There are 2 protein chains.
Amino acid sequence: MTGNSDRRVRRTRQAIQRALIELILDKGYETTTVTDIINRADVGRSTFYAHFTDKQDVLFGNLDDLVFLHAGPPSEGPLFGFSLPMFEHVQSQRQLVSALLGRRGGGAVIARGEQMLAEVVRRELLARAPQPTPRLDLVVTAVVGAFMGLLRGWADDQFAATPVEMDRTFRTVVTPGVTMILTSGEPA
Amino acid sequence: MTGNSDRRVRRTRQAIQRALIELILDKGYETTTVTDIINRADVGRSTFYAHFTDKQDVLFGNLDDLVFLHAGPPSEGPLFGFSLPMFEHVQSQRQLVSALLGRRGGGAVIARGEQMLAEVVRRELLARAPQPTPRLDLVVTAVVGAFMGLLRGWADDQFAATPVEMDRTFRTVVTPGVTMILTSGEPA
DNA sequence: TCTGTAAAGAACATTGTGTTCGCTATTGTG
DNA sequence: CACAATAGCGAACACAATGTTCTTTACAGA
């Protein structure tokens, strides 16, 4: 645990992480280079690679702090209850989230977000299914796809909308079909 | 129109495009470099840049041939009639499409696919809406997101499924909600 | 204080992109 | 067929970015 106790280590790591966030806000994730980061953080090149393997490594070290999982226990409240709180949270962190999730952000972050969200949705559906639903994985994928699609479009300013509108669209499109599947054990 | 009439030009362009496709099948789109392409196509570096600006430029030159738009006139047949034919077509071109749409493929192709698909969905919804639907753009985004999510998951082998299962999931999840929106002029 | 270690910083190898230029080979046309 | 136009070759170049290695310096904590 040397890494944590030495002040120099803490300072350096934090400088690098802050620098990345700032740069993401400035010019987006993809276009930010390691060279940019070490310049902004004012650390030596070797120092960077002593702490992180990658740009992505830095980001993921940070990502857990930013995790927007306001997901409560699975079976409380309405179906897909995570939706509105999530859209609201995204709006409050608009700049950063846009930079990470939009077209200018890396696919890596989106992939990670999709995975986490899929887990949430999966549990929610399992908790509510009265009978085993066939091909639940497919349903989860479709639902996550709809949500993330909306989120990305929003992040990219393809349309202006309030969190409430986003939430309403998502639920209105997706909930009736999913409810049918859950109750009837129907396809897919 | 020199470009079309000179045999050398035709040969070169085709060699480059074929090389890219082969390389995509070998190692994926993102990891394929221009250097790879000119080696495989056996053309000079300068020649490549005389014809294309980019790896992406080559791809998009090809993409129209691969266009999987089996979208008939908007208001014929069932809602989202493009779904099954599209999944079937994707399966027949499995390797290539997977390489392009999966995680190993570039975001550029996905983005393009989403745009084209959004256009199809948009027209279909407009043709069927008895009354103007508010925030149709949001609905389109959600629908496209669900479809592309399924398509990407499939391409990535996250699950095995037949085109029929894919189609059924997509329609079952999405159609009830969309129908409600169209008929009631409801949210979002 | 004094020892272990973090950081600086510079040099280096490597890989990829995109451009330039003079020479050669091929093409379509008169 | 002959010839002017031009496509292609290939090598060299400038540039940007990644990741490694090494020596020297400076700092933290016991």
Side-chain angles (χ1 to χ4, degrees), chain A residues 1-62 99-100 104-109, chain B residues 1-62 99-100 104-109:
Chain A
M1 307 298 136
T2 322
N4 206 345
S5 67
D6 196 319
R7 177 190 298 154
R8 289 169 297 179
V9 173
R10 270 175 283 141
R11 277 175 52 84
T12 300
R13 291 186 70 93
Q14 219 202 336
I16 289 175
Q17 290 180 323
R18 291 163 74 92
L20 177 56
I21 299 290
E22 288 173 27
L23 284 163
I24 287 175
L25 292 175
D26 269 15
K27 45 185 292 196
Y29 174 70
E30 287 290 6
T31 51
T32 296
T33 70
V34 171
T35 304
D36 289 336
I37 299 174
I38 66 184
N39 285 341
R40 172 88 59 133
D42 202 23
V43 300
R45 187 164 203 79
S46 51
T47 305
F48 177 91
Y49 285 107
H51 287 285
F52 303 96
T53 68
D54 242 13
K55 200 175 56 165
Q56 182 170 308
D57 194 24
V58 182
L59 181 62
F60 284 175
N62 253 344
L100 288 176
R104 297 174 53 198
V109 190
Chain B
M1 305 299 134
T2 322
N4 205 347
S5 66
D6 196 318
R7 176 189 297 157
R8 289 170 297 180
V9 173
R10 270 175 283 141
R11 277 176 53 83
T12 300
R13 293 185 70 94
Q14 218 203 337
I16 290 175
Q17 290 180 323
R18 292 162 75 92
L20 177 57
I21 299 289
E22 286 174 27
L23 285 163
I24 288 175
L25 292 176
D26 269 15
K27 45 184 291 195
Y29 174 71
E30 287 290 6
T31 51
T32 296
T33 70
V34 172
T35 304
D36 289 335
I37 299 174
I38 66 182
N39 285 341
R40 173 87 58 132
D42 201 23
V43 301
R45 189 166 202 77
S46 51
T47 306
F48 177 92
Y49 285 106
H51 286 284
F52 302 97
T53 69
D54 240 18
K55 196 174 59 163
Q56 182 170 308
D57 193 23
V58 181
L59 181 62
F60 283 174
N62 255 344
L100 288 175
R104 297 174 54 199
V109 189

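The sequence lines fix the lettering, A, B, ..., with proteins before strands; numbering per chain opens at 1. Since this is a predicted model, take the numbers as computed values, not measurements. These values consider heavy atoms only, across backbone and side chains, with no hydrogens, waters or symmetry-generated copies.
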Inset, instruction - Measure the spacing between OH of B:Tyr49 and CG of B:Asp57 and express it to the nearest 0.5 Å. - result: 11.0 Å

Legend entry - A:Arg10 side chain near D:dG29 phosphate (N/O to OP1/OP2, under 4.0 Å): yes

Inset, instruction - Could you tell me, to 10°, how much the axis swings from one end of the helix from C:dT1-D:dA30 to C:dG30-D:dC1 to the other, five pairs per end? - result: 20°

Legend entry - side-chain contact (heavy atoms from CB on, under 4.5 Å) partners of A:Ala41, counting only residues at least two apart: A:Ala15, A:Ile16, A:Ala19, A:Val43

Inset, instruction - State whether A:Arg8 places a side-chain N or O below 4.0 Å from either non-bridging phosphate oxygen (OP1 or OP2) of C:dA7. - result: no

Legend entry - Over all atoms of both residues, closest heavy-atom pair of B:Arg13 and B:Phe52: NH2-CE2, 3.5 Å

Inset, instruction - Grab the NZ-C1' distance between B:Lys55 and C:dT15 for me, whole Å please. - result: 14 Å

Legend entry - Whole angstrom value for the distance that separates C1' of C:dT26 from CG of B:Asp6: 8 Å

Legend entry - N/O donor-acceptor pair under 3.5 Å between B:Asp26 side chain and B:Leu23 backbone: no

Inset, instruction - Mind listing the closest non-hydrogen atom pair of A:Thr31 and A:Asp36 along with its distance? - result: O-OD2, 3.8 Å

Inset, instruction - Look only at the side chain of A:Lys55 and the backbone of A:Leu20, and say whether a donor-acceptor pair between them is shorter than 3.5 Å. - result: no

Legend entry - Interatomic distance where CZ belongs to A:Arg7 and P belongs to D:dA28 [whole Å]: 5 Å

Inset, instruction - Kindly state which residues belonging to residues 33-52 of chain B come within less than 4.0 angstrom of DNA chain C, counting heavy atoms of the residue only, listed by number. - result: B:Thr33, B:Val34, B:Thr35, B:Arg45, B:Ser46, B:Tyr49

Legend entry - Qualifying residue for side chain to side chain contact (heavy atoms under 4.5 Å, CB included) with B:Asn39, from B:Thr35, B:Asp42, B:Ile37: B:Thr35

Inset, instruction - Would you give the length of the straight line joining atom OG1 of B:Thr12 to atom CD1 of B:Ile38, rounded to the nearest 0.5 angstrom? - result: 12.5 Å

